[in-house]
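Small disclaimer: the values here were computed from a predicted structure and weren't measured. Convention: sequence-line order gives letters A, B, ...; per-chain numbering from 1.
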Number of protein chains: 4
Amino acid sequence: MAEPQPKTQTKTRIQAINEDIILSAALEVFSAFGYRGSTVDQIAERAGMSKPNLLYYFHRKDDIYRAVLEKTLAQWLTPLRGLDPNGEPLAEIARYIRAKMAMSRDNPKASRLFANEMLHGAPAIGDFLSGPMKVLVDDTARIIKTWIAKGQIAAIDPYHLIFSIWAMTQHYADFDIQVRAVLGADSEHFADAETTIIRLIQDGLKPRS
Amino acid sequence: MAEPQPKTQTKTRIQAINEDIILSAALEVFSAFGYRGSTVDQIAERAGMSKPNLLYYFHRKDDIYRAVLEKTLAQWLTPLRGLDPNGEPLAEIARYIRAKMAMSRDNPKASRLFANEMLHGAPAIGDFLSGPMKVLVDDTARIIKTWIAKGQIAAIDPYHLIFSIWAMTQHYADFDIQVRAVLGADSEHFADAETTIIRLIQDGLKPRS
Amino acid sequence: MAEPQPKTQTKTRIQAINEDIILSAALEVFSAFGYRGSTVDQIAERAGMSKPNLLYYFHRKDDIYRAVLEKTLAQWLTPLRGLDPNGEPLAEIARYIRAKMAMSRDNPKASRLFANEMLHGAPAIGDFLSGPMKVLVDDTARIIKTWIAKGQIAAIDPYHLIFSIWAMTQHYADFDIQVRAVLGADSEHFADAETTIIRLIQDGLKPRS
Amino acid sequence: MAEPQPKTQTKTRIQAINEDIILSAALEVFSAFGYRGSTVDQIAERAGMSKPNLLYYFHRKDDIYRAVLEKTLAQWLTPLRGLDPNGEPLAEIARYIRAKMAMSRDNPKASRLFANEMLHGAPAIGDFLSGPMKVLVDDTARIIKTWIAKGQIAAIDPYHLIFSIWAMTQHYADFDIQVRAVLGADSEHFADAETTIIRLIQDGLKPRS
DNA sequence: AATGAATGAGTGTTCATTCAT
DNA sequence: CATGAATGAACACTCATTCAT
């Protein structure tokens, strides 16, 4: 029953572990200081290894950056995939908003890394945007259009609906510092924000009588 | 009849002109590459002057950065100031959204500069956030609460309403590259986005019968 | 029988060697041009290494400077420590003068480095002056006072005696160029100077009958 | 009886005044920081004029430096000129020491400027040293030799006697910071030092019976 | 798999000096 | 006489990357 081990492993155990450590460290650093603002030294220190050793795994700074981005993007799209065309639209969208909001709360660094890329013109993930991401958005927009066609929700531009949801949910990760400056450092604002956003969207989508 | 010339000018003509040129160039560069990603050389080149000459006006890179931020922040808050407590709430808010959206369309670089500061923890404008900005947000929230108390709009958390509007409108400046990757480069999406956002918000604010 | 090698060396062989090379080069350069007049490039070139490599060992120019000073100060105070309270005063002092003179002859660069620091207000070694150096001078003055009290030497201010000896001996290192301009480049003036100084001091210290 | 004014003045009143102001400022700055450690800006500021204006009077930094040195050297040699061959030797030398000491006390900056030049190899006044200064020293040495020949003072190397006097007196200007670190900041040590030095020298010069 | 050592190409900043007025 | 503006050349220091072991 056990998977047969290949004779020549492409990756040793320690390699896989170290790459994970590096990518975690890199996410911390890159999300906090941006690409140019981060140094390989910083990442190496946070990863608890020497700079040359780090570069043994990822030969250039750019490689580390792209690897982190790639890993991040994968999990980033996950919630969007879950829209069920046959589900109840408002419930489906509420579920989606909750999933997005959970990402912002639980993984704000990934959100900020992503936002930083966008802000600077997406030099590393331009292909991703016009490729897989566009496909996914188009698919999702199609589902929404079906709902509209069936009269299940009000007629609204599905693309801008998606963008609005993204914007509102990611805001609490990306502009966290601003939110905290206004609402106070320890306030539990994620729950309130979620309620407000879901209500705004659901009210906006209710079919007109 | 001639305007009397002040004997001691604090700034010469050429000084004012050059400072303006520098700040424009700096906005371009900083908004595109972030603080650390920008070099004084880049700014100088775009400003059409030598690096030492640029530093003759602003002694350190940081000074340029703060000057641009300051100039930007001033205009950034402008639309928020306009909420009229005695106006018709839904119309007032629609007007506000349009003003915000216009800023995103007409001055996306300022928006990205600001977003970049937030993303990196607002090292340069922390005081501004917890100071003038918080005051302004609190004032605005108070107006909205009044409207709610009078039953003019539905009961909704005013702070998260404000954040949502900010998020949705700024998104089209900050994530411009992503929007364009999905909707196409030359699509005139600002108008559609505005319509969608206004509708979402207005529907969400309509008082329950 | 073999000496056990310590597992964790704090300094590698090459590190110790290079630091020595750097400090030698730095003494040459700093003593010739002063702190501000010396460039890291100069020191690196004289040390036979690249500037970044030099800064790999001493992170800032100031670190190099302080390291040289510290190393120099240690050997600088050595002769003063040798005054034996129970020795014959005139012989003790003659020995001291000879030791000081030898330092000026054999290590004039250290003397000039030190003199330069003094001239500019001792920004880097102010603490040393009012700390260890003052203690040592006070101790020495006390010995001299004992000799005076016992009637072994004439009553003279011990502090100014010490300063005078320092001044006369160091002069041949610090003002070397002037001495050579007057006495000729290759004249062996150190020996004559020593004789003269010892005689002046000894005659001045002979107890009055 | 009045000196006729030349029609075309080589120097206007204001020119002479400003040059004096500049040289005073330059002495302050150069003596404190050395040549390379001083900036034209610093001198201009202390002189209360703009940098270009300062450079209107002295075209290059080096010109200012040389002018200060020259002015300083003139007054520096003054006391040495005063040795009267026919005076009483011990009294003459005591007078000389007092004059030298007065210079150290009243014009320590000039002393330090001069010392700094020597320390760094006298790049600007090498000619002066082997020229006028050597002549003066030789002359003075000749007078001393005459005294020795007449049996008025003990046989001692006149050159090293001169150097010793210079060293001891200048020490209190050049190493002022060190002296103050040991003797205390406000102690009036110049008088004591003078007494000590005169006594050392006079005792050393008393003819042997 | 890991690290100490080394370096070329920047990067912000200073400064003497010149230019134009 | 005086000054605001401008710049080339340096200079301290950083950083991604490579080399040797």
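- Between the side chain of Glu19(A) and the main chain of Ala16(A), no donor-acceptor pair closer than 3.5 Å is present.
- Considering every non-hydrogen atom in both Ile177(D) and Met118(C), the closest pair reads CG2-O, 3.7 Å.
- Shown here for Ala122(C) and Leu129(C), the closest heavy-atom pair between the two residues is CB-CD1, 3.8 Å.
- Of all the residues in residues 58-69 of chain C, Arg60(C), Lys61(C) reach under 4.0 Å from DNA chain F with at least one non-hydrogen atom.
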Legend entry - Dot-bracket pairing map - DNA chain F, Watson-Crick plus G-U, both contacts under 3.5 Å, | cross-strand: .||||||||||||||||||||
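- Here Tyr56(C) reaches the OP1 or OP2 of dA5(E): one of its side-chain N or O atoms lies under 4.0 Å away.
- Ranking dA2(E), dA5(E), dT18(E) by closeness to the Ile14(A) side chain, first place goes to dA2(E).
- Considering every non-hydrogen atom in both Gln42(D) and Val29(D), the closest pair reads OE1-CG1, 3.9 Å.
- Here the closest non-hydrogen pair linking Lys61(D) and Phe30(D) is CE-CE2, 4.2 Å.
- Between Asn18(C) and dG4(E), a side-chain N or O to OP1/OP2 separation shorter than 4.0 Å is absent.
- Against DNA chain F, the stretch residues 47-54 of chain C makes heavy-atom approaches under 4.0 Å through Lys51(C), Pro52(C).
- Take Arg36(C) and apply the salt bridge (Lys or Arg N to Asp or Glu O under 4.0 Å) test, not counting sequence neighbours, and it matches no residue.
- Contact between the side-chain N/O atoms of Tyr57(B) and the OP1/OP2 oxygens of dA6(F) is found at a separation under 4.0 Å.
- Within residues 25-36 of chain D, no residue has any heavy atom under 4.0 Å from DNA chain E.
- We find that CD of Glu45(D) is positioned 16 Å from C1' of dT3(F), with the value rounded to whole Å.
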Inset, instruction - Applying side chain to side chain contact (heavy atoms under 4.5 Å, CB included), run through Ile21(A) and Asn18(A) and close with a yes or a no. - result: CA-CA 5 Å; Ile21(A) 292 176; Asn18(A) 273 343; 3.9 Å; yes
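- Per the geometry, CZ belonging to Arg13(C) stands 13 Å off P belonging to dA5(E), to the nearest Å.
- Going from atom CD1 of Ile43(A) over to atom C1' of dT17(F) covers 14 Å, rounded to whole Å.
- Evaluation of the side-chain hydrogen bond (donor to acceptor under 3.5 Å, both in side chains) rule for Ser111(D) yields Asp174(D) as partners, not counting sequence neighbours.
- The number of heavy-atom neighbours closer than 6.0 Å to CG of Asp63(B), taken from other residues, nucleotides and ligands shown, is above 12.
- Rounded to whole angstrom, the span from the CG atom of Leu55(A) across to the P atom of dG4(E) amounts to 14 Å.
- OP1 or OP2 of dA5(F) sits under 4.0 Å from a side-chain N or O of Gln15(B).
- For Asp127(B), the CG atom sits in a loose shell: 12 or fewer heavy atoms of surrounding residues, nucleotides or ligands are nearer than 6.0 Å.
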Would you tabulate the side-chain donor-acceptor contacts of residues 64-72 of chain A under 3.5 Å, counting partners in other chains and residues two or more places apart, or write 'none'?
residue: Tyr65(A); atom: OH; partner: Glu117(A); partner atom: OE2; Å: 2.9
residue: Arg66(A); atom: NE; partner: Asp62(A); partner atom: OD2; Å: 2.6
residue: Arg66(A); atom: NH1; partner: Ala124(A); partner atom: O; Å: 3.4
residue: Thr72(A); atom: OG1; partner: Val68(A); partner atom: O; Å: 2.7

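- When the side-chain contact (heavy atoms from CB on, under 4.5 Å) test is applied to Leu73(B), the partners found at least two apart in sequence or on another chain are Phe114(B), Ile125(B), Phe128(B).
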Side chains of residues 45-56 of chain A: which donor-acceptor partners sit under 3.5 Å, not counting sequence neighbours?
residue: Arg46(A); atom: NH1; partner: Glu28(A); partner atom: OE1; Å: 2.9
residue: Ser50(A); atom: OG; partner: Asn53(A); partner atom: N; Å: 3.3
residue: Lys51(A); atom: NZ; partner: Asp41(A); partner atom: OD2; Å: 3.3

Legend entry - Pair Phe58(C)-Leu23(C), side chain to side chain contact (heavy atoms under 4.5 Å, CB included): steps then yes or no: CA-CA 10 Å; Phe58(C) 295 90; Leu23(C) 291 182; 3.9 Å; yes
